Amino acid sequence: MNDFLSRLIQAESTVQTGERNAAKVVSDEFARSGIQARIDVWNDNRANVSARITSIGPRPALLFACHLDVVGPGDAAWKNPPFSGIRLDGRILGRGATDMKGGVAAAVTAIRRIVDSNVKLLGDIVFLAAAGEETDSSGAERFVAARDELPRFAGVIIPEPTDFEIITAHRGMLWLEITTKGTAAHSSTPHLGVNAITAAKSVIDELQHYKPNIARHDLLGDCSMSINTIAGGKALNVVPDSCKIGVDFRTLPGQDHADILADLRKIIERLKSADPNFDAQIAIVRQVGPLETDCHGDFVRDFCSTAGIAETKAVGFTTDGPCFAELGAPVVIFGPGKPEICHKPDEYIEIADLERAVEYYRKVILKFLT
Ligand SMILES: [Zn+2]
């Protein structure tokens, strides 16, 4: 498994390189146990890899839903090259070791061990490592769109790094770009133009007082909003005709993203009626729904008792979980690695945690499918 994880890290799968090479590494690993994986390629280098261990039994299937892509290494210096996948002091190092190639390696290894042991399964195991979880969820959406080819699932396990906590809820995400429009003019005669940056300031002032109409969630807290990017103006002697701000809302179960958009459109209308020169448009950059799995249902209860963990929790980050929830099965997020290590330089995973994850996943498969 350790070599497999090193090869997966070396098969760099950032937004620039795509997931195709990493999909091949997963497919080759499954082949060692005679499991034929399917690689679904689009746009040259984007890829999902999936596998299905079929059974003749009547039980609903289990889905292990991973992602293949990783974020880039970033600008900060790494002590070791980010895509080396080297082993050091009981750890495997590199981008994706924790988020979430470690989880991929553990899930594939658990499935291989089940297959190699010839245990008779009473339901199918389905494995997916999808493209684009960090960027556009395109891989998960593509997989779920082909749901007619999939079995009925008892549950979905997402091997994201939770440091072995069972996560059943996370907030959603709504990324918006608000563009204010102005009219360019020479800045020695600003009264002949309309300043888009000043207009953006009016939007920012309004946003700082805006509170979406949703009650605080017991596990997830409040819906939050943060203005995280701003870009406008071309030169110091030109009145800017365009300014863009990027706004990140983290939303709660039961909250409709359309309500936020409607509120913001009203704010823009109000600014327009106060100043006829004001003009702004809102575009959705990306949105992911919130996740809330019923933690009192049979699947979560049995998952908890098999893992020997009593409590379920919520996390701050988002996953492709809401997309898989559309398959009509409960979703839990449970995997090796500390979430605070994700997306940072010198990412690593403890080899002992990988082995622990394999053992958890093996036990879960045996519990639900034998
Ligand atoms: Zn992840």
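Everything quoted here is computed from the prediction, not taken from an experiment. All ligand and atom numbering here is 1-based and tracks the order in the structure.
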Q: Look at the aromatic rings of Phe64 and Tyr361 and report parallel, tilted or perpendicular, splitting at 30° and 60°.
A: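 Ring orientation of Phe64 relative to Tyr361: perpendicular.
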(Q) Keeping Ser55 on the side-chain end and Gly57 on the backbone end, is there a donor-acceptor pair under 3.5 Å? (A)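 Yes.
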Q. Is NZ or CZ of Arg95 both nearer than 6.0 Å to the six-membered ring centre of Phe83 and within 45° of the ring axis?
A.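 Not flagged: Arg95 not positioned over aromatic ring of Phe83.
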Q: Enumerate the protein N/O/S atoms at a distance below 2.8 Å from the Zn ion (ligand 1), ignoring waters.
A: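 Listed by chain and number, the nearby protein N, O or S atoms are His67 NE2, Asp99 OD1, Glu160 OE1, Glu160 OE2.
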(Q) Tell me every residue that passes ring pair (Phe, Tyr, Trp, His ring centres under 6.0 Å) with Tyr210, counting only those two or more places apart in sequence or in another chain. (A)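 Scan of Tyr210 (ring pair (Phe, Tyr, Trp, His ring centres under 6.0 Å), adjacent residues dropped) gives none.
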(Q) Closer than 4.0 angstrom, basic N to acidic O: yes or no for Arg301 and Asp298? (A)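 A salt bridge links Arg301 with Asp298.
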Q.
Between Ser13 and Lys101, is the side chain to side chain contact (heavy atoms under 4.5 Å, CB included) condition met? List the steps.
A. CA-CA 10 Å; Ser13 46; Lys101 289 179 171 175; 2.8 Å; yes
